Amino acid sequence: MKKLLSIMTVAVLIIGTAMSAWAIIEGTPHDVAVMRDLGAGADIERCAMCHTPHAGSGQYPLWNRAQGAPTSYTMYASPTFDMTETTLIDSANYATFNCMVCHNGVASTLVNYPGPGSVANTDYNFNSTLLVNPQTNLGSDAATMLNEHPVGFTYNPARDDENNGFRAAQAYSTSNVNKRAIIGARGPYPLYSETGNTGDYNQFECATCHAVHDTVDYPGKSMDVGRSAGTQVYFLRGDNSGSGMCIDCHVNR
Ligand code: HEC
Ligand code: HEC
Ligand code: HEC
Ligand code: HEC
């Protein structure tokens, strides 16, 4: 009986943890449809600001937002950045590129508008005015990615001349053995594939640190969109109080 109880306790704990990781958009800074004054009712199509079930752009994950230019960016570079890549991010780096479709501050439209037969509706347009806080507009000029934490590169802990102590990537999924993540105390920080679900999951992207629709509430990170003092939201993958996330990866710093 005691054993059964402890198994049940563990099960409840696991379920509890899983539930706290439920992803929602409503009420977060990514509730972009509300910011566009499309209303606050239950009929509002929040997900359509980024996804469509049919006739999308062909990008993962059922991407619904179109932008002409820019199609590539100048990436972070430094004398000590060792995992550097010569290739710029492009649409295959979806977990960075898709963020930049909005966070570059350049206007974009939907591919497939809600309702019968995609009828263009300017309410779904995105432009720089929706990036109210200047820090959320990462910019679209050549220097755009030079002043951001490096992204769009192949994660390889063996390439680290300065001995940051980066962790080896680990298998992350029972259903897809290719899927890998950096598992820190506050992570996991997923790595992405540039070639669908068959290639190596070794790409370090914006979404390695950020969960775009995650509003898990834990110390150092609050889903309070009212922004009470001392709270973070930032859609982070982990609690960054005390720079905990940074040290999760840069173990020796
Ligand atoms: C602000 C843009 C945005 C909105 C709004 C949005 N998503 Fe996403 N979604 C993304 C991006 C970017 C990714 C890819 C990043 C990643 O894999 O973490 C993604 C990935 C996904 C995935 C695949 C990975 C996963 O987490 O399961 C699903 C499923 C998904 N979204 C469903 C939804 C649903 C349902 C809604 C509406 C409640 C929604 N999304 C609203 C941007 C958005
Ligand atoms: C459809 C457009 C859109 C897409 C796509 C999008 N965002 Fe955002 N994001 C926004 C808007 C709008 C805000 C609110 C900006 C503001 O308040 O200044 C925001 C805010 C944020 C914030 C700040 C949240 C806070 O607590 O202040 C983070 C972090 C963020 N986005 C990360 C990402 C990442 C990472 C991706 C890609 C995985 C992404 N976003 C994709 C529109 C988008
Ligand atoms: C190495 C982890 C990491 C990566 C990679 C990363 N971010 Fe962040 N981001 C953070 C942290 C941590 C914060 C919170 C910073 C703070 O406390 O002011 C943040 C904050 C933000 C904010 C809010 C800025 C503000 O001051 O309000 C936006 C928007 C954002 N990130 C978007 C992105 C986008 C887009 C990418 C990819 C180009 C990206 N991030 C890549 C860790 C990261
Ligand atoms: C998910 C893992 C991860 C997280 C979280 C993370 N980093 Fe990094 N960071 C890396 C990797 C990998 C590199 C590339 C190192 C290299 O190739 O030299 C890097 C590069 C950097 C660089 C540039 C190093 C150089 O030599 O030019 C700085 C600075 C940095 N990170 C600071 C931070 C800070 C500050 C935080 C917390 C806000 C943070 N990182 C969070 C993995 C991470």
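First listed ligand is number 1; within each ligand, the first listed atom is number 1. All values reported here derive from a predicted model rather than from experimental measurement. Positions are given from 1, in the same order as the sequence printed here.
Of all the atoms in ligand 4, the ones that sit under 4.0 Å from a non-hydrogen atom of Phe166 are 10 (C), 11 (C), 12 (C), 13 (C), 15 (C), 42 (C). The atoms of ligand 2 that sit less than 4.0 Å from any heavy atom of Val132 are 16 (C), 18 (O). Of all atoms in ligand 2, numbered sequentially from 1 with element shown, those under 4.0 Å from a heavy atom of Cys50 are 1 (C), 5 (C). Close approach of ligand 3 to Asn240 is summarised as follows: ligand atoms under 4.0 Å from at least one heavy atom of the residue are 12 (C). Close contacts of ligand 4 with Met83, meaning ligand atoms under 4.0 Å from a residue heavy atom, involve 12 (C), 16 (C), 17 (O). Atoms of ligand 2 found under 4.0 Å from any heavy atom of Trp63, numbered from 1 in the order shown, are 5 (C). Every atom of ligand 2 with a heavy atom of Leu130 under 4.0 Å away is listed here by number and element: 12 (C), 15 (C). Numbered from 1 in the order shown, with element, the atoms of ligand 3 that lie under 4.0 Å from a heavy atom of Val151 read 5 (C). Close approach of ligand 3 to Phe204 (heavy-atom distance below 4.0 Å) involves ligand atoms 5 (C). Near Arg65, meaning under 4.0 Å from one of its heavy atoms, ligand 2 places the atoms 1 (C). Numbered from 1 in the order shown, with element, the atoms of ligand 3 that lie under 4.0 Å from a heavy atom of Met145 read 38 (C).
With respect to atom 8 (Fe) of ligand 2, His30 has NE2 as its nearest N, O or S atom. The atom name of the N/O/S atom in His103 closest to atom 8 (Fe) of ligand 2 is NE2.
Rounded to the nearest 0.5 angstrom, Glu194 CD and Ser91 OG are separated by 9.5 Å. Rounded to the nearest 0.5 Å, atoms CG (Asp82) and CG (Asn156) are 10.0 Å apart.
For atom 18 (O) of ligand 4, the closest non-hydrogen atom of the protein is Asp82 N, 3.0 Å. Annotation: atom 27 (O) of ligand 4 to nearest protein heavy atom, Ser78 OG, 2.5 Å. Taking atom 5 (C) of ligand 4 as the reference point, the nearest protein heavy-atom neighbour is Met245 O, 3.3 Å.
No N or O atom of Asn98 sits closer than 3.5 Å to an N or O atom of ligand 2. Taking any N or O of Ala95, backbone or side chain, none lies under 3.5 Å from an N or O belonging to ligand 2. For Thr136, a nitrogen or oxygen atom sits less than 3.5 Å from a nitrogen or oxygen atom of ligand 2, counting backbone and side chain alike. Any N or O atom pair closer than 3.5 Å counts here, and Thr80 shares at least one such pair with ligand 4. The shortest N or O to N or O distance between Ile182 and ligand 4 is not under 3.5 Å.
Under the 30°/60° scheme for interplanar angles, the aromatic rings of Phe204 and Phe153 are found to lie parallel. Ring geometry, His149 versus His250: the interplanar angle exceeds 60°, so the pair is classed perpendicular (tilted spans 30 to 60°).
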Practice problem: Using the side chain to side chain donor-acceptor pair (under 3.5 Å) rule, take Tyr73 and Asn104 through it: C-alpha gap first, then chi angles, then the decisive distance, then the call. | Solution: CA-CA 10 Å; Tyr73 298 86; Asn104 65 6; 3.0 Å; yes
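In this structure, the ring of Tyr172 has its center no less than 6.0 angstrom from the ring center of Tyr201.
Residues passing the side chain to side chain donor-acceptor pair (under 3.5 Å) test with Thr52 are Asn112, sequence neighbours excluded. Every residue meeting the side chain to side chain contact (heavy atoms under 4.5 Å, CB included) condition with Asn202, not counting sequence neighbours, appears here in chain and number order: Thr154, Asp200. Applying the side chain to side chain contact (heavy atoms under 4.5 Å, CB included) test to Ser108 and every residue at least two apart in sequence or in another chain returns Arg65, Gln67, Val101, Phe126.
Asp248 and Tyr189 form a side-chain donor-acceptor contact under 3.5 Å, judged by distance and modelled atom types alone.
Atom 12 (C) of ligand 4 has its nearest heavy-atom neighbour, among Tyr189, Tyr76, Tyr155, Phe81, in Tyr155. Among Gly152, Cys102, Cys209, Pro134, the residue whose heavy atom lies nearest to atom 3 (C) of ligand 3 is Cys209. Considering Pro29, Cys206, Cys99 only, the shortest heavy-atom separation from atom 34 (C) of ligand 3 involves Cys206.
Ligand 3 is approached by Asn133 to a heavy-atom distance shorter than 4.0 Å. At least one heavy atom of His210 sits closer than 4.0 Å to an atom of ligand 3. Ligand 2 lies nowhere less than 4.0 angstrom from a heavy atom belonging to Val101.
Closest of all the heavy-atom pairs between Arg253 and Glu162 is NH2-O, 2.9 Å. Contact detail for Val151 and Met75: the closest heavy-atom pair is O-CE, 3.2 Å.
If you look at atom 8 (Fe) of ligand 4, the protein N, O or S atoms less than 2.8 Å from it are His149 NE2, His250 NE2.
Using a 4.5 Å heavy-atom cutoff, the side chains of Thr84 and Arg159 are in contact. Looking at Arg167 and Ile183, their side chains never come closer than 4.5 Å, going by heavy atoms from C-beta outward. Leu62 has its side chain out of reach of Pro53: every pair of non-hydrogen atoms, C-beta onward, lies at least 4.5 Å apart. Considering only heavy atoms from C-beta on, Thr208 stays 4.5 Å or farther from Arg237 through its side chain. Considering only heavy atoms from C-beta on, Ile182 comes within 4.5 Å of Leu191 through its side chain. Looking at heavy atoms from C-beta onward, Asn164 lies out of side-chain contact with Asn252 at the 4.5 angstrom threshold. Proximity of Arg180 to Tyr155: side-chain heavy atoms (C-beta onward) are nowhere separated by under 4.5 Å. His103 places a side-chain heavy atom less than 4.5 Å from the side chain of Thr136.
In this structure, Arg46 contributes its side chain and Asp31 its backbone to no donor-acceptor pair below 3.5 Å.
Contacts with ligand 3 closer than 4.0 Å are made by no heavy atom of Thr208, backbone or side chain. Heavy atoms of Tyr124 found under 4.0 angstrom from ligand 2: none, in either backbone or side chain. Contact annotation for Glu148 and ligand 3: no heavy atom of the residue comes within less than 4.0 Å of the ligand.
Within a 4.0 Å radius of atom 32 (C) of ligand 4, the protein contributes one or more non-hydrogen atoms.
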